[in-house]
Number of protein chains: 2
Amino acid sequence: MDKPLNVRMTKQRLAILKATKSSKCHPTANEVYLMVRTKMPNISLGTVYRNLEVLAEKGLIRRLGPYDDKMRFDGDISDHHHVKCVFCGRIDDVELKEKPEIEGSVPCLPGYKIISYGIEFEGICPECQKKGH
Amino acid sequence: MDKPLNVRMTKQRLAILKATKSSKCHPTANEVYLMVRTKMPNISLGTVYRNLEVLAEKGLIRRLGPYDDKMRFDGDISDHHHVKCVFCGRIDDVELKEKPEIEGSVPCLPGYKIISYGIEFEGICPECQKKGH
DNA sequence: ATAACTGCAAATGATTTGCGATCGG
DNA sequence: CCGATCGCAAATCATTTGCAGTTAT
């Protein structure tokens, strides 16, 4: 009833998708905006927000967080988790050696049907460790 | 330099702590405000925010989320996780039968020193299942 | 042709903050 | 006493939205 029936590939949407896919730092909406703006100076921040929403809805990118009040986006759709550095705030990827046995160890849910779960890590990044943290 | 040296137990702070502890629904700041207001009609929302911050900092309560743009608070400090119903948005507790083997299966961190991790579940609550979801 | 999309600018809404008055230790 | 805290109101800031003009299909 409320989703668009046809999704069009506008040049703005394509640019936003490519910028997000090419970024390795899990950008915020504003960071995507700044990236796209270098090639398309008239694009508006509202358009970036609307397209990131559509692209995430279509499964072409992933929404992360919010971290520190800001939503982030990831062009990498593969199954992986994330760590946030508590000092500098950067987000990095985490590949688990083996999928932890979550399903089997969740019997105490109060009648919920589980759809998904995510593991969020917090830690200190290599750079901040060097700086004495 | 920036944390208060002495923490005073004002009647507002105590009321906020008790309200949060007695609530079983992981209230938002505004919900805590409404609860406390019934006993202390002149309390301000700003005071609630400031005190929830202090109480969480001191480890007397836990900050959750944000879920749907709103931070939530939990008077239960014990080690447990949470499920969010994707339809009605309520948050329930999850007790894992056994602590999943996370530590041993995280070798691929890019040099991070891990401080903590959390598991966030999404699912459909019993009530929403009954309603056909 | 026409519904989806855009840029712009204003609105929203949770949270934060400055300030002068008040209170706890 | 005096610095921590309060109530109030205004400010902040990420995100959303209304609208009139534009574009993809």
Side-chain angles (χ1 to χ4, degrees), chain A residues 1-20 26-58 60-73 84 89 91, chain B residues 1-20 26-58 60-73 84 89 91:
Chain A
M1 290 304 151
D2 43 3
K3 287 187 186 176
L5 301 176
N6 306 313
V7 175
R8 297 177 183 173
M9 186 49 68
T10 61
K11 52 179 179 296
Q12 289 89 342
R13 183 163 294 161
L14 186 59
I16 288 163
L17 177 58
K18 286 167 75 172
T20 307
H26 313 89
T28 63
N30 193 59
E31 286 165 349
V32 173
Y33 170 61
L34 293 177
M35 286 189 280
V36 175
R37 216 149 113 81
T38 63
K39 296 288 182 182
M40 196 178 277
N42 289 326
I43 198 169
S44 79
L45 184 54
T47 295
V48 172
Y49 271 102
R50 276 188 279 233
N51 277 300
L52 288 171
E53 178 66 29
V54 171
L55 293 170
E57 205 65 39
K58 293 290 168 188
L60 299 177
I61 62 177
R62 269 177 66 188
R63 320 180 88 217
L64 306 183
Y67 294 100
D68 299 319
D69 249 343
K70 275 168 270 190
M71 209 58 94
R72 287 171 174 272
F73 299 87
K84 174 192 163 189
I91 312 291
Chain B
M1 290 305 151
D2 44 1
K3 287 187 184 175
L5 301 176
N6 306 313
V7 176
R8 296 179 183 170
M9 187 49 69
T10 62
K11 50 181 180 296
Q12 289 90 341
R13 183 162 294 160
L14 186 59
I16 289 164
L17 177 58
K18 285 167 75 172
T20 306
H26 312 89
T28 63
N30 193 59
E31 286 165 349
V32 172
Y33 170 61
L34 293 177
M35 286 189 281
V36 175
R37 217 150 112 82
T38 63
K39 296 288 179 182
M40 197 178 280
N42 289 326
I43 198 170
S44 78
L45 185 53
T47 295
V48 173
Y49 272 101
R50 276 189 278 232
N51 277 299
L52 288 171
E53 178 66 27
V54 170
L55 293 170
E57 205 65 39
K58 292 292 169 189
L60 298 176
I61 62 177
R62 268 177 65 188
R63 319 179 89 215
L64 306 183
Y67 295 100
D68 299 319
D69 249 343
K70 274 168 270 188
M71 208 59 94
R72 287 171 174 275
F73 299 87
K84 173 193 164 187
I91 311 292

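All values below come from the heavy atoms of this structure, side chains included, with hydrogens, waters and symmetry mates left out.
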Scan nucleotides 13-15 of chain C against the protein and return all N/O pairs shorter than 3.5 Å with their distances rounded to 0.1 Å.
unit_1 : atom_1 : unit_2 : atom_2 : d
C:dA14 : O3'    : B:D69  : O      : 3.3
C:dT15 : OP1    : B:M71  : N      : 2.7
C:dT15 : OP2    : B:Y49  : OH     : 2.5
C:dT15 : O5'    : B:Y49  : OH     : 3.3

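- With D:dC6, D:dT25, C:dG7 as the choices, the nucleotide that has an atom nearest any side-chain atom of A:M9 turns out to be D:dT25.
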Taking N or O atoms only and anything under 3.5 Å, show me the protein contacts with nucleotides 18-23 of chain C, one pair per line.
unit_1 : atom_1 : unit_2 : atom_2 : d
C:dG18 : O6     : B:R50  : NH1    : 3.3

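- Counting heavy atoms from C-beta on, the side chains of B:R13 and B:V54 come closer than 4.5 Å.
- Contact between A:I16 and A:V48 at its shortest, heavy atoms only, is CD1-CA, 3.7 Å.
- Atom P of nucleotide D:dT16 and atom CG of A:N51 are separated by 13 Å, given to the nearest angstrom.
- Residues passing the salt bridge (charged side-chain N to carboxylate O under 4.0 Å, His left out) test with B:R8, sequence neighbours excluded: none.
- Between the CZ atom of A:R13 and the C1' atom of D:dA24 there is a distance of 11 Å, rounded to whole Å.
- In this structure, the side chain to side chain contact (heavy atoms under 4.5 Å, CB included) partners of A:N30, at least two apart in sequence or on a different chain, are A:T28, A:Y33, A:L34, A:L45.
- In this model, the phosphate group of D:dG7 is approached by a side-chain N or O of B:Q12 to a distance below 4.0 Å at OP1 or OP2.
- With rounding to whole Å, A:E53 atom CD is found 18 Å from D:dA14 atom P.
- Regarding B:Y33, its OH atom lies at a distance of 16 Å from the P atom of C:dT16, rounded to whole Å.
- Of the candidates A:L60, A:V7, A:T20, A:L60 is the only one forming a side chain to side chain contact (heavy atoms under 4.5 Å, CB included) with A:L55.
- Listed by chain and number, the residues in a salt bridge (charged side-chain N to carboxylate O under 4.0 Å, His left out) with B:R63 are B:E53 (sequence neighbours excluded).
- Taking every heavy atom of both residues into account, B:L64 and B:H26 meet most closely at CD1-CD2, 3.6 Å.
- Summary of helix geometry: the two end axes of the helix from C:dA1-D:dT25 to C:dG25-D:dC1, each defined by five base pairs via their C1' atoms, are inclined to each other by 40° (rounded to 10°).
- Counting to the nearest Å, the C1' atom of C:dA9 and the CG atom of A:N42 are 15 Å from each other.
- In this structure, the side chains of A:P66 and A:R72 stay at 4.5 Å or more apart for every pair of heavy atoms.
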